[in-house]
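This report refers to the structure that appears directly beneath it.
Protein chains get the first letters and strands the later ones, always in sequence-line order, with residue 1 at the start of each.
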Amino acid sequence: MNKGLIIMKKSKNFLQTIVEKDLQSGKYKEIITRFPPEPNGFPHIGHAKSIFINFGIARDYNGHCNLRMDDTNPTKEDTKYVEALKDAVLWLGYRWEGNIHFTSDYFTQIHEYAIKLITMGKAYVDSVDEEKMRELRGTVTEAGKRSKYAKRTVAENLDMFERMRKGEFKDGEHVLRAKIDMSSANMKMRDPLMYRIRHAEHFRTGNKWCIYPMYDFAHSLSDYIEGVSHSICTLEFENNRDIYNWVLDTLDLTPPRPYQHEFARLGINYTVMSKRKLLELVKGKYVNGWDDPRLPTIAGLRRKGYTPESIVTFCDKVGIAKANSMVDIAQLEFTIRADLNTKVPRVMCVLNPLKITLVNYREKGEKLDASYYPDDVPKKGSRALPFSREIYIERDDFEENPPKGYFRLTPEQPVRLKHGYIIACKEIIKDINGCITEIKAEYYPTSQSGSDSSGIKVKSAIHWVSADTAKRVEVRLYDRLYSSEIPESIEDLNPNSLKVITDALIEPAVVNEKPDERFQFERQGYFYADPIDYTDEKPVYNKIVGLKDSWGKKTKVTLQKSQTKEKKEQIDGEVVAMTPEQEKLFDRYKKELKLNSEIANTLARDADLSAFFEMALKVLYSPINLANIITNEVAREIKQSSKDSLKFTPNQIAELIEMVDKATISNKIAKQVFEEMVTSGANPKEIVEKRGLLQISDPDHIGRVIDEVIEKNYENLEKFRAGNKKLLGFFVGQVLKATGGKANPKLVNQLLVQKLG
RNA sequence: UGGGGUAUCGCCAAGCGGUAAGGCACUAGUUUUUGGUACUGGCAUUCGGGGGUUCGAAUCCCUCUACCCCAUCCA
């Protein structure tokens with residue numbers, strides 16, 4: 001892997017956090033991940049993200065990553081896709097551990113696990129048809145029902161399952177289902193299918209099996225069999241996590257076992273990523289095959305000229321999180337530009353030629369020495385660049401009636417030929433239609449690049465080729481595939497996504513010397529010698545990406561974005577009404593105990609909470625403080641664990657609040673103490689005593705600490721005095737930190753305000 | 001509609017009670033024989049909305065809203 005270029009992000013993503021925690025706690029001694037695609041389509045940049053995550057985490061934490069083909073559906077999968085998947089991983093620079101794995105390698109073991117589940121009474125053979133099954137499954141709001149076949153005995157199930165395996169039944173006649181819960185709120189848990197009959201030839205196991213395990217069953221077990229520690233997948237599998245856990249838990253396997261974690265899949269605007277849509281584009285010949293450079297497939301990106309490093313960098317830069325997101329294609333384009341900028345030679349190629357005759361130049365040409373790299377790219381190399389009386393420049397680089405701010409050649413404005421001379425326009429030749437066919441110009445003999453003594457100032461240097469030696473080449477200009485940011489259908493395709501120029505003119509060294517396969521065509525963009533269609537007779541270059549073009553942007557009609565970001569008015573929904581009992585409680589809390597409405601409301605609506613509160617209140621009559629901590633802190637713990645497993649009691653909470661009331665400890669400390677009560681179940685007073693958490697309310701003491709803090713943070717003091725009042729919080733924090741959180745924060749605040757003035 | 005998720009700048013994304021990181025995009029300027037690159041500066045008084053707790057809240061509590069996923073014998 002190219003070490004120098006890729007600078008990885010500093011901040012950790014949530015998966016790395018999980019992995020580190022698991023490593024630290026000793027849950028796993030090695031991190032094992034896997035990249036588990038189904039070989040039923042060509043990998044795209046979304047797969048690259050998954051590859052980056054799985055292989056990347058394995059590498060970062062000295063573990064390993066398996067490449068596993070999830071081949072449980074013989075009717076869809078094919079070996080040609082496994083080759084494409086292998087290529088993608090390798091090309092991106094990753095190596096998998098050992099051989100490639102296949103879920104089909106585990107069919108025998110998975111089958112045994114299925115039998116075990118049947119024996120445990122946790123799985124059964126169902127024999128209803130598809131339609132009936134759907135009906136029985138219920139809906140998201142209504143519970144489902146089990147079919148009558150769920151009552152089959154273990155022996156019967158064993159027998160039926162064996163007959164399924166032996167091929168005694170036709171497709172769809174029977175299935176094996178896990179016996180979980182037909183009324184589960186999670187639809188995925190309503191007795192999910194484990195096995196179905198498929199009399200089809202599998203590309204690896206041939207006709208050995210006619211029953212195949214379903215994803216949920218096979219995937220969890222394959223992960224387990226491979227010793228995977230972190231099973232990382234995309235968000236849409238969140239609901240499947242319950243089955244994943246169910247399978248591994250009920251089988252009671254020897255630990256350690258894998259756990260599933262989900263991240264958001266990659267979305268990029270102006271393109272599509274779904275297998276279905278990609279297939280449609282290829283099948284419908286909207287593009288030229290899976291490696292069409294306009295496609296976001298790995299093969300396409302690769303053929304277009306993207307480097308693997310740039311794609312890995314891109315994956316790293318967009319980050320890994322759980323929010324559905326749509327990354328701007330500009331981000332990808334930036335990454336490849338940044339990569340290529342420091343790597344590839346600059347050459348000149350004229351896409352749309354305009355002939356220039358240098359009327360004062362001699363008949364015989366000359367060779368100019370031209371570096372392949374600009375000064376800011378630390379690479380060496382140059383070529384002899386032919387120059388002659390007749391040259392071609394880009395049609396865009398001449399304007400008869402230039403707009404304001406135009407830097408290139410005009411009747412009045414001279415321009416430099418990159419690596420060559422300065423020229424000035426003398427005469428414009430037009431055809432009968434008024435179309436410019438040629439420019440007669442003069443060159444300044446003393447203006448040669450590198451030894452210019454002409455003293456002429458030009459606004460820009462343009463690219464060109466010498467007419468006698470230029471080579472004709474094909475250039476394929478690619479633009480984004482879709483013209484709409486979030487494409488819906490074929491109608492959104494960009495009709496100009498491919499523009500082929502068959503007669504571009506390139507300087508000869510590019511095809512003769514072939515200094516590289518990727519180039520920057522000076523002032524235009526990065527190009528790649530097409531790996532398939534390129535021949536010495538007919539060189540073909542693909543446009544990888546254009547250069548940033550701030551002139552083009554300026555001249556284009558500025559498409560205005562409505563910058564009036566009017567805040568959308570948010571309509572609040574109805575809050576569920578209180579029951580009469582709750583209402584009564586609410587009134588008492590509010591009127592009698594003087595709690596504020598919000599606290600009273602929360603308390604009154606939650607029976608567990610109010611019960612806890614009432615008990616604490618009997619011990620200590622300090623309704624407001626008690627209610628506050630109970631609704632804001634205790635509530636969380638009550639919600640998480642069932643009431644009885646709480647490690648602390650209402651008595652202890654009362655005890656804690658008593659200390660707050662007496663100003664023995666501050667609110668801040670009270671929260672700290674509470675945290676410890678939650679985990680250890682110790683008595684609050686003991687905690688305070690043991691850890692010496694008594695509040696410091698001595699102004700002199702605090703004052704001394706403040707002075708120290710101010711001294712250490714002189715810069716911030718300046719800023720504060722200059723008007724950055726937010727910094728007060730910073731100072732309070734520092735003082736509190738210095739006293740181990742024990743200083744009385746109110747006092748700290750007061751004193752700080754005085755001292756900072 | 002039940003369940004599971006997610007909301008921090010135009011687009012990504014850190015942040016885990018104490019000064020709202022960073023990148024892309026945008027923008028202004030410097031350098032430049034690429035209108036490129038590089039460099040410098042500007043880009044969130046505010047974290048989906050509203051309340052509450054706290055000396056102090058993007059972070060804790062309550063509540064509402066929006067979006068995504070789940071009712072394939074696909075993965």
Distance below 4.0 Å between Arg196(A) side-chain N/O and C74(B) OP1 or OP2: yes
Cation-pi geometry met for Lys725(A) and Phe720(A) (6.0 Å, 45°): yes
U72(B) glycosidic torsion: syn (within 90° of 0) vs anti: syn
Phe407(A)-G35(B) aromatic stacking (under 5.5 Å, under 30°): yes
N or O in side chain of Lys639(A) less than 4.0 angstrom from C62(B) OP1/OP2: yes
Output field: ring centroids Phe527(A)/Phe521(A) closer than 6.0 Å: yes
Residue whose closest nucleotide on RNA chain B lies nearer the 5' end, Gly405(A) versus Glu130(A): Gly405(A)
Centroid separation Phe237(A) to Tyr215(A) less than 6.0 Å: yes
Upstream residue (5' side of RNA chain B) when Asn73(A) and Gly729(A) are each assigned their closest nucleotide: Gly729(A)
Donor-acceptor pair (no angle test) under 3.5 Å: Lys671(A) side chain, G17(B) base: yes
Arg134(A) side chain near U72(B) phosphate (N/O to OP1/OP2, under 4.0 Å): yes
Arg137(A) vs G2(B): side-chain N/O to OP1/OP2 distance below 4.0 Å: no
No-H, no-angle donor-acceptor pair, Asn239(A) side chain to G3(B) base, under 3.5 Å: yes
Phosphate-side-chain proximity, Asn632(A) and U54(B), N/O vs OP1/OP2 below 4.0 Å: no
Paired nucleotide for C26(B) [Watson-Crick or G-U wobble; both distances under 3.5 Å]: G42(B)
Phosphate contact (U19(B) OP1 or OP2) by Lys726(A) side-chain N/O below 4.0 Å: no
Pi stacking test for Trp551(A) and G35(B): under 5.5 Å apart, planes under 30°: yes
Distance below 4.0 Å between Ser550(A) side-chain N/O and G36(B) OP1 or OP2: yes
N/O (side chain, Arg241(A)) to phosphate O (OP1/OP2, C69(B)) under 4.0 Å: no
Phosphate-side-chain proximity, Asn40(A) and A75(B), N/O vs OP1/OP2 below 4.0 Å: no
Under 3.5 Å donor-acceptor pair, Arg408(A) side-chain atoms to G35(B) base atoms: yes
